[in-house]
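Letters go in sequence order (proteins before strands), and every chain restarts at 1. These numbers come from the heavy atoms of this one structure, side chains and all, not from hydrogens, waters or symmetry mates.
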2 protein chains.
Amino acid sequence: MANPSRSFDPTELGAYFALIEVSSLLRHTVEQQLQEAGGLSYVQFQLLARLGDSPEGSNRMTDLADGVVYSRSGLTYQAQSLEQRGLVTRAPSPDDERGTTVTITEQGRDTLAKVFPGHIAVLDELLFEPLARGDVEVLADVLGRIRDHMRSAPPRSAAPRRRKTR
Amino acid sequence: MANPSRSFDPTELGAYFALIEVSSLLRHTVEQQLQEAGGLSYVQFQLLARLGDSPEGSNRMTDLADGVVYSRSGLTYQAQSLEQRGLVTRAPSPDDERGTTVTITEQGRDTLAKVFPGHIAVLDELLFEPLARGDVEVLADVLGRIRDHMRSAPPRSAAPRRRKTR
DNA sequence: ACCAGGTGCTTCGAATCCGAAGCAATAACG
DNA sequence: CGTTATTGCTTCGGATTCGAAGCACCTGGT
């Protein structure tokens, strides 16, 4: 448990604020690019990208939701939207009847390919432009460690997981 | 202009993905904490925090919106909500009749004080726990540079700013 | 002083988002 | 096997979000 009376020094505050600001600004710009390049929201792009990267081109709903940090109901909404546009297909999982397997289509891959160059360009200009090679490495290392820590840490509410008291 | 045929190496991808993931996960957890500690959304907290930090305890709508990277209409919505709860007041700016000046109230400061310790605790556990002192410094430096770069870069669409053609 | 254009904010409508509740399939346990 | 959680997903309702359009004020050029 963290020290309750702890406070932050300017460096810590700076790191925190910069993190939030950078991700917000980046997300905002990326969203615009994706929208005009292929009519995709950021989440939709993330979903397609994940599917495109996976060896099978498919994933379960839950894994997708966890992967992009999204609510399940939100994912259902987006998956329906993508399905209607023909970018993915959905089918019950073979091994588990309740699971839904989402698979990227050829058209989905095309869309991905269409928006990708612009996506990279935005990242390059906005994120990497002011960084030296070493900065990128450090960033990947430190942020990677934070991510691993967050992913492994119990979601807080899961810690006590109080047994049904009644 | 960035090289259009450029691609990313694993380190760059890692830095990018980790950035997005970390900010998403962090935001999610913080949101929960703020919600149960004081019924605040993350944006609302950011707004109060900004007002609380400003010397006057007040700000123009536009500056607030830009500060937290939010749409103007969205800010109007949130400002109304905060006003109804008595956490801020709104009044036309003295020097410019069209401007609206938002000011934090005593009650707003109280709410801020109420949620702050928990907020810090979350950051401490989730963000800073796995980092050495040097990591924090590097993070603040690198992310800070990125932020400055993003803030100074023209919003892309503002570049041509095509004159009303008709 | 006028007026054309710019700026600051709000309103409006439609899209998106989440949590709670519901439903169906699976697992766990005797 | 039967009964009781648990898990995976969707549906539902309500809150939040944004961009476009609208309104009022302000500014620069004449």
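With ring centers used as reference points, B:F8 lies under 6.0 Å from A:F128. Residues A:Y16 and B:H119 place their aromatic rings such that the two centres sit under 6.0 Å apart.
The B:T100 side chain lies nearest to C:dT10 when the options are C:dT10, D:dA24, D:dA15. The side chain of B:T76 lies closest to C:dT11, out of C:dT11, D:dT17, C:dT26. Taking every side-chain heavy atom of B:R90 into account, C:dT10 is the closest of C:dT10, D:dA15, C:dA25.
Separating the CZ atom of B:F45 from the P atom of D:dT16 is a distance of 18 Å, rounded to the nearest angstrom. As a whole-Å value, the separation of A:R98 CZ from D:dT7 C1' is 4 Å. For the pair A:Y77 OH and D:dT17 P, the computed distance is 16 Å after rounding to whole Å. Rounded to an integer number of Å, the gap from CG of B:L82 to P of C:dT10 is 13 Å. The nearest whole Å value for the distance from the CD atom in B:Q80 to the C1' atom in D:dA15 is 14 Å. One can place CD of B:Q44 at 8 Å from P of D:dT17, the figure rounded to the nearest angstrom. Atom CZ of B:R27 and atom P of C:dC17 are 13 Å apart (whole Å). In this structure, the CD atom of B:E97 is 14 Å from the P atom of C:dG8, given to the nearest Å.
With hydrogens and angles ignored, the 3.5 Å screen pairs a side-chain donor or acceptor of B:E12 with a backbone N or O of B:D9. Judged by distance alone, the side chain of B:H149 and the main-chain N or O of A:L131 form no donor-acceptor pair under 3.5 Å.
A donor atom on one side chain and an acceptor atom on the other are found under 3.5 Å apart for A:S93 and A:T101.
Annotation: of the two residues near DNA chain C, A:S41 and B:T101, the 5′-most nearest-nucleotide partner is B:T101. Toward the 5′ end of DNA chain C lies the nearest nucleotide of A:V43, the other residue of the pair A:D96 and A:V43 mapping further downstream.
Within residues 59-75 of chain B, the residues approaching DNA chain D are B:Y70, B:S71, B:S73, B:G74, by heavy-atom distance under 4.0 Å.
Linking ILVMFWY residues whenever their side-chain heavy atoms come closer than 4.5 Å, directly or via other members, places B:F17 and A:V43 in the same cluster.
Residue A:Q35 places none of its side-chain N or O atoms closer than 4.0 Å to OP1 or OP2 of D:dG19.
Between B:F45 and B:Y42, the angle of the ring planes stays under 30°, which puts this pair in the parallel group of the 30/60° scheme.
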